Structure formats: C-alpha cells, structure tokens
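Quick note on labels: first sequence line is chain A, next is B, and so on, each numbered from 1. Since this is a predicted model, take the numbers as computed values, not measurements.
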Number of protein chains: 2
Amino acid sequence: MSPRRSRPIAAVADAPAAPEATRDQILVEAARLFRHQGYAATTLRQIADAAGIKAGSIYYHFGSKDELLGVVLDQGISVVDLEVKRRVEALPKGASQRERVAAAIEGHLFGLLQHGDFTSANIRLYGQIPLAAKNKHRIVRRAYADYWDKLLEQAMASGEFRADVNLAVLRLFLIGALNWTVEWYNPQRGTFKSFVQQITSIVFDGMVSREPVAAPRLSRKLRKEQGA
Amino acid sequence: MSPRRSRPIAAVADAPAAPEATRDQILVEAARLFRHQGYAATTLRQIADAAGIKAGSIYYHFGSKDELLGVVLDQGISVVDLEVKRRVEALPKGASQRERVAAAIEGHLFGLLQHGDFTSANIRLYGQIPLAAKNKHRIVRRAYADYWDKLLEQAMASGEFRADVNLAVLRLFLIGALNWTVEWYNPQRGTFKSFVQQITSIVFDGMVSREPVAAPRLSRKLRKEQGA
DNA sequence: GTCTATACCTCGATAGAC
DNA sequence: GTCTATCGAGGTATAGAC
C-alpha cells in the first residue's frame, strides 16, 4: 500500500528495454501514480517528472490524459487475460475441470500481482472514470468475463463444481475476491506458490472443516473472549 | 454502477429527518459523488449543488474538503461494524461457530449494501487518499479487522473451521470478497436473503461439489467449447 | 446559517523553438 | 522528440453582508 514502486514477484524485469522506451516509461509511472493517487489527483507534471521528461512531451506520445488512462486500463486486463489463457491452454486434453479452473486462478493471480500497478489501477479507477472512457473499456472487460463464464459453466455442467449457485454470482464473487488480493498481498510473507494454494483451497473447498468435530470445545481464553 | 442515487434494500428511510439535516445532506451527497467520481474529481460546488446549497456554505459544517472526506470514510466502516456486532451479540449463548460467522457475514453484507455510497466510497478511496487522512482512518479499520480476527480465531480453534490456512490471509480474503459485492450486487435479481445464503454457502463450503460425480461427461456443445 | 464575491493557485493543453 | 512559455478554465478556501 506504500506509494513506492512495486517489485515484480520473480526476479524478472518487466520491460525488454525495447524502442518506445519513453512511452513505456510514461505508462509505468502513470499506472503507479493513478493507482496510488487516483486519476484526477494525478497531474501530467507528476507523471512527466517520474518518467524523467517534461509535461509537454507527454503529448507527443499520447493525445490526452484520458487516452493515457485508456491504455493503462486496457493493459490492466490484458496482462491478466494473457496469463490465464496461457495456463489453461497448456493443460493436457484430459485435464479435469478442477485442474482447468485452478490453472485459471493461478494465471489470474500471477498476472494480477506481477503487474500490480496496472491491475490495481484498473480495479480502483474503473468505477470513477469519465463515462466515455468507461464505455470504451467495457468491451475488453466483457470479453474477459465471458471467458470465465465458459470455464465455470463447463465445470458446473461436468458435475465437478456445484451447480446450485447462480453462474454470474459465482463468477463476480470469485473474480472480485481474487482481484482484491492485489490490495493486500505481501510477497514477503511466503512464496507465491503457497499463496495460490491457500487461495485456491479456500475457494474450492470453503472455510468450514470437512469432517465436523464431535465436541467443539473452546479453550478458557477463547470462551472468555466470546462472552465479551 | 450508475451515478444515480442508490436505493436502500428494504423500504426503510435512512435519515430520521432530525436536526443537522443540512449537514447530513452534505454527507450523503458527498459520499455518492466521491463513490462515483473519486475524491479529487468531486468539487465542493457539485456537492453543494446536490445538497441544495452554495459551495461556501459547506464550510459552516466542515472545516475542509479533507475533513468531509474523513467523516464519509468513518461512516463507511461504522455502519457495517454496527450491523455485524448487533447480529453476533443477539445470538444465544450456545450458538455454533458456524452460526456466529454466518451472522457476521450477514451483518457485514447488510450494512455494506444498505449504505452503498458510504461503504463503496470507503473501499474505493482508501488507497488513493492523502496520507494524513489515511493515518487517521487506519485506526477504525484496524479495530474492525481485530473483531473479525477474534471471531475467526475462535471458529478455527473450535474445529468447526479449517485451521490449515493463515488467519490473516483468511480474514483479508473474506472481507475483501464480501466488500467487493457492493460493486456488483443487484437487488433486482433476487432477495437480499437469498443473496446472503448464496455467498455464505460459497465461502463456507466452496465451489467444488461435495460428492464427486463418477463420470464427469460434458455435453457435445460444452466439449466443443473446451476444445477451442 | 447561508449567501455573494473573489483571491490565489494549479491544472490540461497548445504553440513554436531547437 | 523534447523543450520552454503560456493561455484559459476551474479548483479550494475566505471575507463579510444579510
């Protein structure tokens, strides 16, 4: 939650140091500032400063602040979309529905946390941006939601997943829950792999113990707290 | 997600038409505009307009825009906190851990959705506000988190809830998942009661079927989609 | 308590030199 | 491609009448 630059999960650099380097720099700094300050509170002068240029120069690369926002928003979806599809499509033909959804969850979390400034900016800002920007961006959001709907529909139709909850409710709840991890995930408190396993385990099997304990006794300390 | 006024779930009016009516009006409109436009993008002129007064008059009730934000933020927590504690404390002494957590979830969702402009504003803005406002507000957030930690700790210690996931991870994931429902919940697609039951069922028992089907066969249509 | 009027500041965006 | 310089608009906040 600190306004510093976020580190990638693995020791892999983000940018290939390619051409368009300045443009990419602007995007990276814009995403970071949009995430932590909001859209309106972030000035082009701040972005330019962070990118090592002057404010006027941004207009060589982007037509307006709104257009810059649009690109940040789209990237926030596409980096996640990419990781999800890569993992699901790499699965063998005979993979179970559970394996398929687990691969999608891992991909979603990986893309989400690896590019936290873009994905968090997307999540935080989408509800607050001008209507025009929202309408344009809605299309890529819808496409990503459709992909998940198909995945979950198959999982429910197969019998591996429960079919007694509404598909849209399930998808919205799941994606929302996963998305919010970018707001509190701390890479210093364990490996990414163990994090994914914990999250997947909770959403697959729930919080309740599988085999109910016969006599659920509380310790004296906890019994006292419960009374309070 | 539309910028219109949100309706309460039940047919219960929010305000008791008390004194301080103007101050309350300012708060309600500020929460609504902060939620949908963000903090910086919302002007005091807009808030005043919506409240039926002039911008300068706001300063009779609040010392600054930042102070107004602080009050909106605090209310976003306290309305939820109130509903949770009311329900948990109304439970009989012998209530199970499952019943206690279920009551907390229902209270959280009720407060959250009943006062959507305040709670959504809180959730959306917390990561974007000036550091000073954040530091003040952090205290009430911490207290609410502590309440949940105690609740979940008891549930895990009793054996009714799984103890093989980290407490903080579980609490952050659960609260985050619940909170995000305010961004997509639609009261027109079913009763609040059935919504709570669906959500509670998912987080308690998970998405996976309890009794695995022996031969998970897909229909021809779904098999084709999976291939693509 | 609410109004009008306004001071002062900073923003996004543009023009033109280099 | 990036710079400097600047325009016009619109923001928070304050002062003082009513």
Enquirer: Working note: A:Arg45 + A:Asp49, criterion salt bridge (Lys or Arg N to Asp or Glu O under 4.0 Å); need CA distance, chi angles, decisive distance, verdict.
Expert: CA-CA 6 Å; A:Arg45 289 171 172 85; A:Asp49 245 36; over 6 Å; no
Enquirer: State, with a plain yes or no, whether a side-chain heavy atom of B:His108 is found less than 4.5 Å away from one of B:Trp148.
Expert: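 Contact flag for B:His108/B:Trp148 side chains = yes.
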Enquirer: For residues 64-76 of chain A, which residues have at least one heavy atom under 4.0 Å from DNA chain C?
Expert: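 Result for residues 64-76 of chain A: A:Ser64, A:Lys65, sorted by number.
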Enquirer: Atom CD1 of B:Ile47 and atom P of D:dG11: how far apart are they, to the nearest Å?
Expert: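 Going from B:Ile47 (CD1) to D:dG11 (P), I get 11 Å.
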Enquirer: Does any part of the side chain of A:Tyr39, heavy atoms only, come nearer than 4.5 Å to the side chain of A:Gln128, both counted from C-beta?
Expert: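 In short, these two side chains do not touch, never coming nearer than 4.5 Å.
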Enquirer: Nearest 0.5 Å, please: how far is NZ in A:Lys136 from CG in A:Asp74?
Expert: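 That separation rounds to 9.5 Å.
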Enquirer: Counting only non-hydrogen atoms, which of residues 51-61 of chain A are less than 4.0 Å from DNA chain D?
Expert: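 When residues 51-61 of chain A is checked for heavy atoms under 4.0 Å from DNA chain D, the hits, listed by number, are A:Ile53, A:Lys54, A:Ser57, A:Tyr60, A:His61.
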Enquirer: Take A:Met207 and B:Val165 through the side chain to side chain contact (heavy atoms under 4.5 Å, CB included) test and state the conclusion after the steps.
Expert: CA-CA 9 Å; A:Met207 293 164 36; B:Val165 283; over 6 Å; no
Enquirer: If you count the non-hydrogen atoms of other residues, nucleotides and ligands that lie under 6.0 Å from CZ in A:Arg189, is the total more than 12?
Expert: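 At most 12 heavy atoms, drawn from other residues, nucleotides or ligands, come within 6.0 Å of this atom.
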Enquirer: Check this one for me: any side-chain N or O of B:Arg45 less than 4.0 Å away from OP1 or OP2 of D:dG10?
Expert: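 No.
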Enquirer: Check the distance between D:dT12's P and B:Leu44's CG and give it to me in whole angstrom.
Expert: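 Going from B:Leu44 (CG) to D:dT12 (P), I get 4 Å.
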Enquirer: Between which nucleotides of DNA chain C, read 5' to 3', does contact with chain A run, using atoms under 4.0 Å from its heavy atoms?
Expert: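 For DNA chain C, the relevant span reads C:dC11 to C:dT14.
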Enquirer: Which residues satisfy the side chain to side chain contact (heavy atoms under 4.5 Å, CB included) test with A:Leu167, sequence neighbours excluded?
Expert: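 Expected list: A:Asp149, A:Leu152, A:Glu153, A:Met156.
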Enquirer: What is the distance from CZ of B:Phe62 to P of D:dA13, rounded to the nearest Å?
Expert: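 Rounded to the whole Å, the gap is 13 Å.
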Enquirer: With sequence neighbours left out, what residues match B:Lys85 under side chain to side chain contact (heavy atoms under 4.5 Å, CB included)?
Expert: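 Result, side chain to side chain contact (heavy atoms under 4.5 Å, CB included) vs B:Lys85: B:Asp81, B:Glu89, B:Tyr147.
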Enquirer: Distance under 6.0 Å and angle within 45° of the ring axis: does B:Arg86 meet both against B:Phe110?
Expert: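 Not satisfied by the 6.0 Å and 45° rule.
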Enquirer: If the condition is side chain to side chain contact (heavy atoms under 4.5 Å, CB included), which residues does B:Leu27 pass it with, not counting sequence neighbours?
Expert: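 Side chain to side chain contact (heavy atoms under 4.5 Å, CB included) list for B:Leu27, sorted by chain: B:Arg23, B:Asp24, B:Phe62, B:Leu68, B:Val71, B:Val72, B:Gln75, B:Phe118.
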